[in-house]
Amino acid sequence: MHNHTPDERAARVPTIHVVSDSIGETAQVVARAAAAQFGVTNPRLEVFSKVKSYREVHDYLTEHVRYHQQTLGDDRILVFYTIVDAGIRCELAAFTARHPNILAVDVMTSAVDAIAEMSGMEPVNEPGALRVVDQNYFRRIAALEFTIAHDDGRAPEDLTKADIVLLGVSRSSKTPLSIYLSQQGYKVANVPLDPATEPPAQIFDVDRTRLFGLMTTPEVLGPIRQRRMKKSGRVGLISQRYADPAYIYEDLEKSRALMRRLGCIVIHTEQRAVEETAQEILRYYERSHPTSADIID
């Protein structure tokens, strides 16, 4: 890979023909992830979705083989497919096996068969079921993008759009918790609190069941802030106060008073892993905002 420029790599990765009896997003995700291993993050994709019959697929592939031969002088084509209909899938596999110029990748079958074998269950064999995978994937990506854009008090006008809003003093695990929760598909904003600054007015508009205050103790917070100061090399009066025990106590007391005014749920983070704290937040959150499991009956 290192011997080729980005443009050369992009040119060498062939067009990936995505064929699906659903909308094809699963195969597109896999195709992009595979191409990224070759330094190509935006491969050429051609999508043929909502397939209803083997004849449609046969005609599509035959036409594209002919097109590649005429325009490129090379009749080889690459196909990634997600076909849930067993009849279409078997005929397609047989067709591509007879044509060495078609390199076809069955994206889902091995994974589905493995789960069926281990679970003893039969797959639902519904094309729409694949969209659950796609929707969850893109929901997590959207949640992560939202969370990054609303870290550390940024864009307070969007606080009411968040699934979860975290608030707490500096070094109370706001950002790690936000990122972890976003990876579970929740849009998270976090708001820093300190004695010298008023929180954004929009915090009072957030639904209380979505608002979580992070609390710790001076004994835990003090050493964390001291290490932070040494690492950053900050100097000056404000920095010295940042790790001062009296300032930390005032910081925590004022944040606790605000949390009481807001009526938010208070979560203690000291001596706990991010995952453990996140699970406690989600237990409270899901009581008010229950989510159904992504199961298709």
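As a basis for the values below, the full set of heavy atoms in this structure was taken, side chains included, without hydrogen atoms, waters or symmetry mates.
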Mind checking the CG-OH spacing from Leu211 to Tyr285? Nearest 0.5 Å is all I need.
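Between atom CG of Leu211 and atom OH of Tyr285 there are 12.5 Å.
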If the threshold is 4.0 Å, N to carboxylate O, is there a salt bridge linking Arg55 and Asp59?
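Answer for the salt bridge query: yes.
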Side-chain contact test, heavy atoms from C-beta onward, threshold under 4.5 Å: evaluate it for [X] versus [Y] and give yes or no.
X	Y	answer
Tyr81	Val107	no
Lys187	Asp158	no
Asn42	Arg32	yes
His58	Glu91	no
Glu157	Gln202	yes
Leu258	Pro199	yes

Hey, does the side chain of [X] reach the backbone of [Y] with a donor-acceptor pair shorter than 3.5 angstrom?
X	Y	value
Thr147	Val188	yes
Asp21	Asp85	yes
Arg287	Thr209	no
Lys174	Ala189	no
Asp163	Tyr186	no
Asn190	Asp152	yes

Relative to the ring of Tyr60, is the ring of His17 parallel (under 30°), tilted (30 to 60°) or perpendicular (over 60°)?
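It falls in the perpendicular class, over 60°.
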Return the orientation label for the Phe95 and His99 ring planes: parallel under 30°, perpendicular over 60°, tilted otherwise.
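Phe95 and His99: tilted rings.
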Intermediate values then yes/no, side chain to side chain contact (heavy atoms under 4.5 Å, CB included), Leu166 and Ile281
CA-CA 10 Å; Leu166 305 178; Ile281 290 171; 3.9 Å; yes
Taking atom [atom1] of [X] as the centre, report whether more than 12 heavy atoms of other residues, nucleotides or ligands fall under 6.0 Å from it.
X	atom1	value
Glu276	CD	yes
Arg44	CZ	yes
Glu275	CD	yes
Arg208	CZ	yes

If you take all heavy atoms of [X] and [Y], which pair is closest and at what distance?
X	Y	result
Ala27	Thr82	CB-CG2, 4.0 Å
Pro200	Leu159	CG-CD1, 4.1 Å
Gly213	Cys264	N-SG, 3.8 Å

If you group Ile, Leu, Val, Met, Phe, Trp and Tyr by side-chain heavy-atom gaps below 4.5 Å, do Val266 and Val165 land in one group?
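The answer is yes; both residues are in one hydrophobic cluster.
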For Thr175, which residues count as a side-chain hydrogen bond (donor to acceptor under 3.5 Å, both in side chains) partner, sequence neighbours excluded?
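Counting only residues at least two positions away or on another chain, Thr175 forms a side-chain hydrogen bond (donor to acceptor under 3.5 Å, both in side chains) with Asp151.
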